Amino acid sequence: MAMPIEDYALIGDMQTAALVCRDGTVDWLCLPRFDSPAVFAGLLGTAEHGAWRLGPFHAEALPRPADRRRYQGDSLVLESEWDTPHGTVRVVDFMPPRDGSPQVIRIVEGVSGRVPMRSELRMRFAYGRIAPLVHKIDERTVAVAGPDSVWLDTSANTRTNNGTVISDFTVSPGERIAFTISWQPSHHQPPAVADPEGSLEATEEFWHEWVEQCTYHGPYRDAVVRSLITLKALTYAPTGGIVAAPTTSLPECIGGVRNWDYRFTWLRDAAITLSSLLRTGYREEARAWREWLLRAVAGDPENLQIMYGIAGERELGENELSWLPGYENSRPVRVGNGAAGQLQLDVYGEVTEALHLADMTGLAPNAHAASLQVKLIEWVEKHWDEPDEGIWEVRGPRRHFVHSKVMTWVAVDRTVKLIESGDVDGPLERWKDLRETIHRDVCENGYDKERNTFTQSYGSQELDASLLLIPQVGFLPPDDKRVITTIEAIQRELGTEDGFVLRYPTAGEGVGVDGLEGDEGAFLACSFWLADDLAMIGRVDEARRLFEKLLALRNDLGLLAEEWDPKLKRQVGNFPQAFSHIGLVEGALRLAATAVAEVGCRSAADQCEAL
């Protein structure tokens with residue numbers, strides 16, 4: 001059975017990723033891409049659905065959590081150590097940036113004593129449904145089923161028992177024994193035999209050089225760098241697309257039905273990621289994402305999807321995997337995502353804002369990007385006043401969501417500025433009028449004057465944490481009374497006992513505004529938004545306290561899932577979640593800017609006093 005979500009570590013090669021449990025078990029790995037079927041799907045079932053356990057061998061033969069684990073510096077190279085009655089052993093896990101076949105490399109190193117070890121490699125293709133044929137070719141072990149083959153290379157002795165490849169061995173101080181699995185299409189020649197030590201050195205060097213590019217040196221830098229590394233790991237290197245998470249169907253409520261596949265590129269998440277990358281020095285990643293966007297949308301900007309496949313695929317049909325019991329019996333397990341066909345007006349604003357930021361920060365101009373922005377606004381002009389499914393992808397009826405309308409205003413506003421800069425032609429006065437029309441419509445229909453708060457949708461009583469973005473996108477200034485009272489209402493009505501924020505009210509056993517039963521945890525990105533807003537309205541100490549409480553929710557490796565269950569006090573949702581780590585980076589940048597402003601104000605006050 002899978003362990004708590006926070007017990008997992010992420011390793012990856014920027015084309016796919018694996019989750020390694022604290023007990024040394026790889027419970028999740030899709031090959032060869034993030035969105036490929038899993039070879040290890042134990043995370044959503046049991047070890048029988050595919051897993052790779054590697055750790056000290058003891059009489060009860062059950063995995064035991066490592067006594068210590070960490071990433072090697074600022075990298076994705078994981079070290080786990082066990083103290084046993086026989087001595088101490090270390091396992092180094094990593095995936096080298098891909099130069100050929102995708103590989104997972106595990107190096108066992110003796111630290112002290114002589115420690116008995118066991119590797120149990122159980123490969124199951126098609127999300128645990130297919131047990132492959134396992135056999136040896138020369139000194140290599142290969143598992144084959146249909147189009148897939150996985151090759152194991154190791155100097156340790158191996159035996160096969162009912163399709164499980166087992167190695168029992170003992171490691172002494174300074175001794176290093178490596179295990180490598182490599183994926184290859186089954187009709188191709190075998191992959192090259194791995195060079196574990198050379199690959200380790202190259203992987204360490206890659207991450208060291210990448211982190212050196214970071215220009216952020218403000219408060220909470222370690223947390224920011226770990227989040228940036230995580231975002232880099234979630235980037236599909238061949239195209240620049242960024243997955244929302246490397247997992248599917250980790251539940252937003254344990255035992256519930258809110259289980260979704262996040263192994264795709266959401267325009268919203270990716271656009272905000274671009275902001276974080278640009279402002280921390282990673283211009284090449286930002287440029288690659290902009291190129292991905294132009295390819296994905298090419299030829300059909302009027303039918304902008306909210307998400308695409310990592311190579312720009314449009315068809316992301318949703319299916320259920322009935323043979324998997326789900327994480328802690330949370331069914332159904334879903335692959336694909338039916339929300340790809342929804343209408344979400346906010347994405348027009350997020351994409352336009354990202355392109356605007358790219359221009360403002362000096363990313364090389366792109367004529368196609370400017371042309372795309374104009375075409376998107378031509379569509380917004382015709383459809384902004386329609387109901388949609390909103391930022392949270394509700395499966396209920398369409399509504400006039402306030403956040404969606406605000407983001408159409410953002411789309412028009414940023415395009416007006418683009419025209420005013422002279423970089424593109426467009427109907428400037430007409431779109432200025434449109435900007436004002438949308439603004440007036442939101443303020444008249446989306447604001448409850450009796451309760452002094454903006455609402456989730458026109459005419460509704462519910463609140464929504466997405467309203468926290470109103471001052472952040474410039475729709476209203478932070479000192480506007482309507483902004484302050486909305487922030488306070490969200491704290492009061494959507495806040496948890498811990499001070500975190502729910503996205504919107506859910507209906508428990510009934511069916512809520514999102515068309516689903518059940519509840520969910522506090523949404524971490526929204527909680528970071530609240531910290532941002534508190535800083536913007538001058539409640540800086542409160543903002544900093546909330547930000548640090550959010551940092552404390554990270555696991556021991558600095559990773560965050562999508563949500564925090566305030567009752568069970570544990571992480572829930574897909575893991576690690578890009579949106580949560582974006583919120584962390586943006587929050588740190590906001591607090592850093594606030595600190596600079598405070599210093600400036602104090603300096604000015606001191607100068608006045610001296611005069």
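Predicted model only: the values in this text are computed from it and were never measured.
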*Does any pair with a residue in residues 235-275 pass ring-ring contact (aromatic ring centres under 6.0 Å, His included), and if so which ones, sequence neighbours excluded?*
Y262-W266
*Pairwise ring-ring contact (aromatic ring centres under 6.0 Å, His included) hits with a residue in residues 308-333, at least two apart*: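 Sorted result for residues 308-333: W292-Y308.
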*Under the side-chain hydrogen bond (donor to acceptor under 3.5 Å, both in side chains) rule, collect the residues that match up with T84, sequence neighbours excluded.*
none
*For H135, enumerate each residue passing the side-chain hydrogen bond (donor to acceptor under 3.5 Å, both in side chains) test, keeping only those at least two apart in sequence or located in another chain.*
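Result, side-chain hydrogen bond (donor to acceptor under 3.5 Å, both in side chains) vs H135: none returned.
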Assess, by modelled atom type and distance only, whether the side chains of [X] and [Y] contain a donor and an acceptor separated by less than 3.5 Å.
| X | Y | result |
| --- | --- | --- |
| W183 | D148 | yes |
| Q184 | S101 | yes |
| D498 | T496 | no |
| T273 | W289 | no |
| S276 | E586 | yes |
| S172 | R114 | yes |

Hey, is [X] close enough to [Y] for a salt bridge, meaning N to O under 4.0 Å?
| X | Y | answer |
| --- | --- | --- |
| R22 | D7 | yes |
| E313 | R33 | yes |
| E285 | R287 | no |
| D23 | R64 | no |

*Go through the steps to decide whether R503 and E520 satisfy the test salt bridge (Lys or Arg N to Asp or Glu O under 4.0 Å), and finish with yes or no.*
CA-CA 9 Å; R503 289 192 290 182; E520 63 178 29; 2.7 Å; yes
Can you name the closest pair of heavy atoms from [X] and [Y] and give their distance?
| X | Y | value |
| --- | --- | --- |
| M123 | F40 | CG-CE2, 4.0 Å |
| L316 | M307 | CD1-CG, 3.6 Å |
| C214 | V225 | SG-CG2, 4.4 Å |
| G521 | P566 | CA-CD, 4.1 Å |
| H49 | P325 | CE1-CD, 3.8 Å |
| N259 | P332 | ND2-O, 3.1 Å |

Are any of the side-chain heavy atoms of [X] and [Y] separated by less than 4.5 Å?
| X | Y | answer |
| --- | --- | --- |
| I105 | D93 | no |
| H581 | V585 | no |
| L550 | F500 | yes |
| M117 | V89 | yes |
| T230 | L10 | yes |
| E48 | R124 | yes |
| V243 | I310 | yes |
| P251 | I254 | yes |

Approximate separation, where rounding is to 0.5 Å, of [X] [atom1] and [Y] [atom2]:
| X | Y | atom1 | atom2 | result |
| --- | --- | --- | --- | --- |
| I582 | L274 | CD1 | CG | 10.0 Å |
| Q577 | L524 | CD | CG | 8.5 Å |
| T141 | L121 | OG1 | CG | 8.5 Å |
| T248 | D35 | OG1 | CG | 11.0 Å |
| R554 | L560 | CZ | CG | 7.0 Å |
| D27 | T247 | CG | OG1 | 12.5 Å |

_Set out, in order, the CA-CA distance, both residues' side-chain angles and the distance that settles side-chain hydrogen bond (donor to acceptor under 3.5 Å, both in side chains) for K136 and T158, then state yes or no._
CA-CA 10 Å; K136 281 202 169 186; T158 63; 3.0 Å; yes
Is there a donor-acceptor pair under 3.5 Å between the side chain of [X] and the backbone N or O of [Y]?
| X | Y | answer |
| --- | --- | --- |
| T235 | L231 | yes |
| Q305 | R314 | yes |
| T25 | C21 | no |
| T215 | T280 | yes |

Run the ring-ring contact (aromatic ring centres under 6.0 Å, His included) test against [X] and tell me which residues pass, sequence neighbours left out.
| X | answer |
| --- | --- |
| F179 | F169 |
| F579 | W529 |
| F547 | Y220, F528 |

Salt bridge (Lys or Arg N to Asp or Glu O under 4.0 Å) with [X]: which residues, sequence neighbours excluded?
| X | answer |
| --- | --- |
| R334 | E318 |
| R70 | E79 |
| R226 | none |
| R295 | none |

_From CA spacing to verdict: salt bridge (Lys or Arg N to Asp or Glu O under 4.0 Å), R263, D261_ = CA-CA 6 Å; R263 298 170 300 155; D261 192 347; 2.9 Å; yes
*Could you list all the side-chain hydrogen bond (donor to acceptor under 3.5 Å, both in side chains) pairs where at least one residue sits in residues 9-19, not counting sequence neighbours?*
D13-R98, Q15-R98
_How about CZ on R129, more than 12 heavy atoms from neighbouring residues, nucleotides or ligands closer than 6.0 Å, or not?_
no
*Crowding at CD, E548 (>12 non-hydrogen neighbours, <6.0 Å)*: yes
*Does the side-chain hydrogen bond (donor to acceptor under 3.5 Å, both in side chains) test come out yes or no for W82 and T88, once each step is laid out?*
CA-CA 6 Å; W82 286 262; T88 297; over 6 Å; no
*Close aromatic pair by centroid cut-off 6.0 Å: W210 and Y282*: yes
*Mind checking whether Y8 and W28 have ring centres under 6.0 Å apart?*
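Not under 6.0 Å, so no.
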*asked:* Ring of W564, cation from R570 - is the NZ or CZ under 6.0 Å from the centre and inside 45° of the axis?
replied: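 Relative to the ring axis of W564, which defines the angle, R570 lies outside at least one limit.
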